[in-house]
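Here the structure comes first, spelled out in structure tokens, and everything after it is commentary.
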Amino acid sequence: MNITLPDGSVRDLKPGSTGQDLANDIGPGLAKAAIAVSVNGIQKDLSDPINEDSEVSIITLDSEDGLEIMRHTLTAQVLARAVQNLYPGTKLAIGPTIKDGFYYDFEFKKPISPDDLERIEKEMAKIINSKSSITKKLYSKKDAIAVFKSKKETYKELIIEESDQSDDFQLYYQDDNEFVDLCRGPHLPSLKHIGSFKLTKLAGAYWKGDSKNKMLTRIYGTAWKNDKDLNAYLHSLEEAEKRDHRKLGKEMSLFHFQEEAPGMVFWHPNGWTIYRLLEDFIREKLSDYGYQEIRTPQVVDRKLWEASGHWDKYRENMFITEIDEEHANEKRTNALKPMNCPCHVQVYNQGLKSYRDLPLRFAEFGSCHRYEASGTMHGLMRVRGFTQDDGHIFCTEEQIESETKLFIELLSNIYKDLGFDSFDIKLSTRPEVRVGSDEVWDKAEQALESAIKKLDLPYTLEEGDGAFYGPKLDFVLTDAIGREWQCGTFQADFNLPERLEAEYVGEDGKKHIPVMIHRAVLGSFERFIGVLIENYSGKLPFWLAPVQVVVASITSDVDDYAEKVALALEEKGIRCSLDLRNEKISYKVREHSSTKTPVIMALGKREQESNSVSVRRIGSNNNESISLEQALKDLSIENSKRH
RNA sequence: GCUCAUAUAGCUCAGCGGUAGAGCACUUGCUUGGUAAGUAAGAGGUCACCGGUUCAAGUCCGGUUAUGAGCUCCA
């Protein structure tokens with residue numbers, strides 16, 4: 001049979017030859033490095049026979065695929081075996097690979113602590129040292145279940161039982177031990193191929209990801225080809241930690257949280273400056289795109305929430321308020337608004353609307369409160385009190401597509417100015433439980449999809465992930481350590497307008513129900529600022545920096561000149577602070593650099609005599625001497641460019 | 001909400017049964033120094049909160065609250 005290699009060359013091998021035979025045939029170096037093969041795009045064990053003409057590539061640890069196989073073997077064959085050696089009776093659940101590493105879920109008889117990880121690592125090293133070969137056997141469903149039943153591996157049994165496969169269950173063995181694990185493979189042919197690894201953390205995880213199920217213990221780890229790669233990865237994690245907005249928020253004095261108001265931000269002057277600048281920026285953009293800004297109440301009677309359906313479906317997330325009985329002369333229950341939409345419909349409903357009024361775009365920087373589960377809070381990214389750059393578009397079904405297109409343009413435009421050149425779009429389609437006819441869903445899903453396609457943007461489809469009231473687009477940004485955060489959103493809604501009796505008079509003179517589109521670009525100011533800080537590592541662009549320039553005197557003789565320069569900057573609308581402290585200039589430079597001030601102007605006798613300034617930019621070790629006049633001109637221009 | 005962990009000075013952390021510690025920051029003195037830490041002294045803590053064990057509790061145990069990492073859920 002003919003085997004075609006990735007470089008196009010063809011080798012003639014006997015049918016039934018294995019990947020290892022092929023590697024041997026190519027050369028001794030590869031024969032040693034080979035860990036698996038890809039046959040016609042499907043990964044196979046090196047020991048699997050190849051029976052017909054195929055395109056085959058040999059996988060080694062030099063490829064991402066190879067690393068993944070190694071991580072897989074490490075978790076399923078080494079970590080799992082080590083844990084069972086040390087803690088007999090521990091049940092195995094699942095152990096997949098993830099980005100840069102792997103995890104394994106166990107049910108321990110007694111809980112273990114993070115200190116145990118070191119012990120497990122040592123046991124793993126011992127197992128790897130045995131350099132055992134790994135072999136696999138195929139079992140029928142019945143036999144496979146019997147194997148795991150005898151070992152009391154209830155989770156494995158369940159996995160096999162629930163599988164629709166009837167035979168060829170792959171069980172992997174090591175040659176020096178009776179350890180066995182079910183696996184779809186492929187695995188390393190031998191433990192000698194394992195590179196460098198480290199167990200990183202211990203956490204709970206629900207069986208099958210369902211919070212109704214039992215919580216298992218998950219051990220996370222990372223693995224690389226060698227120590228060098230492992231250390232580089234660990235170092236990159238440390239670097240990412242330095243960008244954490246919670247850390248930078250403290251260092252730059254942007255905001256804080258405290259026990260009395262969990263999940264609610266205390267904005268400091270510096271942080272609030274960023275917030276306001278961002279709000280002004282968005283306000284201008286919205287106005288350019290035909291939105292009218294409104295403002296609606298924070299505390300609203302439960303009657304409205306009952307009408308909107310929130311009281312039924314969302315109450316566990318709402319802060320409910322009651323008026324002190326002693327003082328209230330009316331008894332009513334209110335809720336802090338968790339969303340702005342019902343209030344926006346109230347504004348829409350004032351006065352009769354004609355089809356000529358549509359699309360009608362309302363915007364509100366709406367302050368919302370949601371009682372989030374305690375474990376979900378995360379710095380600015382997930383809070384209980386936040387402000388959305390919310391907006392609702394009332395339009396006809398026919399207008400959905402053009403509104404989608406217009407919105408994505410607005411969003412891309414804003415994201416680009418704020419330093420995000422790329423973002424992920426997720427299109428979520430109809431869920432099983434939903435309102436509205438299939439025809440309307442068809443139309444809405446098509447409208448959303450066709451708008452993204454016309455803009456030639458990549459997107460991923462999340463089938464069945466839409467809201468019960470309509471399909472949606474989510475716009476996702478990534479934080480310093482790779483966690484994804486949904487920021488922008490665009491959701492068509494066929495439900496709420498009807499519930500809250502929104503109408504318009506159509507061309508036909510009859511009343512119709514408009515479609516309502518919920519949309520936000522930033523999502524929430526809080527989250528977006530968190531992502532923004534991490535994306536810039538705190539080094540915000542000039543226009544967004546809370547303090548744009550620090551004017552620092554080198555000796556006290558030039559304090560007067562420094563004051564003059566600061567005043568001139570302020571007159572140009574530049575936010576500056578004056579540092580006349582009795583400290584050396586290098587001390588001042590260090591301090592202002594660490595708080596990420598974009599520009600430091602160090603002023604000494606030379607500058608005073610020539611009416612100039614020395615400009616030092618954040619991130620640069622150089623400084624440039626220019627005339628004060630030129631500096632004022634340059635910085636004013638820079639300040640007016642908002643990107 | 002669940003699992004595990006953590007909570008000591010403004011910040012970062014050490015101390016883990018026997019009179020509260022360090023570095024930085026802060027205040028004051030000396031120093032006027034040219035681009036990432038000049039120098040000396042001083043001040044600063046009900047060791048998150050509530051209870052228990054003990055002659056004695058930051059230190060051991062239990063609970064509460066908050067925070068962190070995951071899981072679940074979401075902007």
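So that the names make sense, note that chain A is the first sequence line, chain B the second, and so on, each numbered from 1. All figures in this text were calculated on a predicted structure; none of them were measured in a lab.
- Between the CG atom of D579(A) and the P atom of rG34(B) there is a distance of 16 Å, rounded to whole Å.
- Between K122(A) and R119(A), the closest side-chain pair of non-hydrogen atoms is not below 4.5 Å.
- Residue Q258(A) places none of its side-chain N or O atoms closer than 4.0 Å to OP1 or OP2 of rU67(B).
- Taking atom OH of Y587(A) as the reference point, atom P of rA25(B) lies 4 Å away to the nearest angstrom.
- Across all strands shown, rA57(B) forms no Watson-Crick or G-U wobble pair with both distances under 3.5 Å.
- Side chain S553(A) to base rU32(B): no donor-acceptor pair is found below 3.5 Å.
- Atom name C1', nucleotides rG70(B) and rA14(B): the rounded distance is 28 Å, in whole Å.
- Separating the CD atom of E316(A) from the C1' atom of rU72(B) is a distance of 12 Å, rounded to the nearest angstrom.
- The side chain of K605(A) approaches rG34(B) more closely than any other nucleotide in the set rC74(B), rA69(B), rG34(B).
- Atom pair H592(A):NE2 and rA25(B):P shows a separation of 13 Å (rounding to whole Å applied).
- Heavy-atom distances under 4.0 Å link RNA chain B to R616(A), N623(A) of residues 616-623 of chain A, given in residue order.
- Across all strands shown, rA20(B) has no partner, as no Watson-Crick or G-U wobble contact with both distances under 3.5 Å is found.
- Under the 6.0 Å distance and 45° angle rule, R361(A) does not count as a cation-pi partner of Y289(A).
- For the P atom pair drawn from rG15(B) and rU72(B), the interatomic distance equals 35 Å after rounding to whole Å.
- In the set rA36(B), rU67(B), rA69(B), rU67(B) carries the atom at the smallest distance from any side-chain atom of M377(A).
- Taking the C1' atoms as reference points, rU35(B) lies 27 Å from rG10(B), given to the whole Å.
- For CD of E463(A), the number of neighbouring non-hydrogen atoms (other residues, nucleotides, ligands) closer than 6.0 Å is 12 at most.
- The backbone N or O of R616(A) lies less than 3.5 Å from no partner atom in the side chain of N623(A), so there is not a single donor-acceptor pair.
- Comparing rC55(B) with rG23(B), their C1' atoms are spaced 37 Å from each other, to the whole Å.
- By the stacking rule of 5.5 Å between ring centres and under 30° between planes, F386(A) stacks on the base of rA75(B).
- Applying the 4.0 Å criterion to OP1 and OP2 of rA75(B), one finds that H518(A) has every side-chain N and O outside that range.
- Taking a pair to require two hydrogen-bonding distances under 3.5 Å in either a Watson-Crick or a G-U wobble arrangement, rU28(B) pairs with rA40(B).
- The residue A602(A) sits close to a base: some heavy atom pair falls under 4.0 Å.
- Side-chain rings of F365(A) and F525(A) approach one another, their centers coming within less than 6.0 Å.
- As rounded to the nearest Å, rG17(B) and rC60(B) have P atoms that lie 7 Å from one another.
- Within the 4.0 Å cut-off from OP1 or OP2 of rC74(B), not a single side-chain nitrogen or oxygen of Q486(A) is found.
- When both pairing distances are held under 3.5 Å, rU35(B) makes no Watson-Crick or G-U pair with any nucleotide shown.
- Between the CG atom of D390(A) and the C1' atom of rA75(B) there is a distance of 10 Å, given to the nearest Å.
- A distance below 6.0 Å separates the ring centres of Y104(A) and F106(A).
- The backbone N or O of F386(A) lies less than 3.5 Å from no partner atom in the side chain of E526(A), so there is not a single donor-acceptor pair.
- Contact check, Y103(A) against rA69(B): no side-chain N or O comes under 4.0 Å of OP1 or OP2.
- Look at R370(A) and you won't find any side-chain N or O under 4.0 angstrom from OP1 or OP2 of rC74(B).
- The glycosidic torsion of rG58(B) lies within 90° of 0, placing the base in the syn range.
- Below 30°, between 30° and 60°, or above 60°: for H245(A) and H378(A) the angle between ring planes is between 30° and 60°, a tilted geometry.
- rG38(B) and rC50(B) are spaced 42 Å apart, taking the P atom of each and rounding to whole Å.
- When atom types are taken as modelled, the side chain of S113(A) and the backbone of D115(A) share a donor-acceptor pair closer than 3.5 angstrom.
- Using a 4.0 Å cut-off, some side-chain N or O of R246(A) falls inside it from OP1 or OP2 of rA69(B).
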Run the numbers on Y469(A) and F494(A) for ring-ring contact (aromatic ring centres under 6.0 Å, His included), then give the verdict. CA-CA 6 Å; Y469(A) 49 74; F494(A) 313 118; 8.8 Å; no
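- In this structure, Q298(A) and S367(A) have side chains that are in contact, with non-hydrogen atoms separated by less than 4.5 Å.
- Shown here, rG70(B) forms a base pair with rC2(B); the pair counts as Watson-Crick or G-U wobble because both key distances fall under 3.5 Å.
- The nucleotide rU64(B) finds its pairing partner in rA48(B), both defining distances of the Watson-Crick or G-U wobble pair being shorter than 3.5 Å.
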Item to complete: Evaluate the side-chain hydrogen bond (donor to acceptor under 3.5 Å, both in side chains) criterion for residues T97(A) and E68(A): first the C-alpha distance (whole Å), next the side-chain angles of each, then the deciding distance (0.1 Å), finally the verdict.
Response: CA-CA 7 Å; T97(A) 59; E68(A) 202 183 319; 3.2 Å; yes
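- Candidate nucleotides rU35(B), rG70(B), rA36(B) were compared by shortest atom distance to the side chain of R218(A), and rG70(B) ranks first.
- Rounded to whole Å, the P atom of rU54(B) lies 36 Å from the corresponding atom of rC13(B).
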Per-nucleotide protein contact along nucleotides 1-11 of chain B, 5' to 3', at a 4.0 Å heavy-atom cut-off (B base, S sugar-phosphate only, - neither), is BBBS------S
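- The separation of rA41(B) from rC24(B), taken at their P atoms, amounts to 12 Å, rounded to a whole angstrom.
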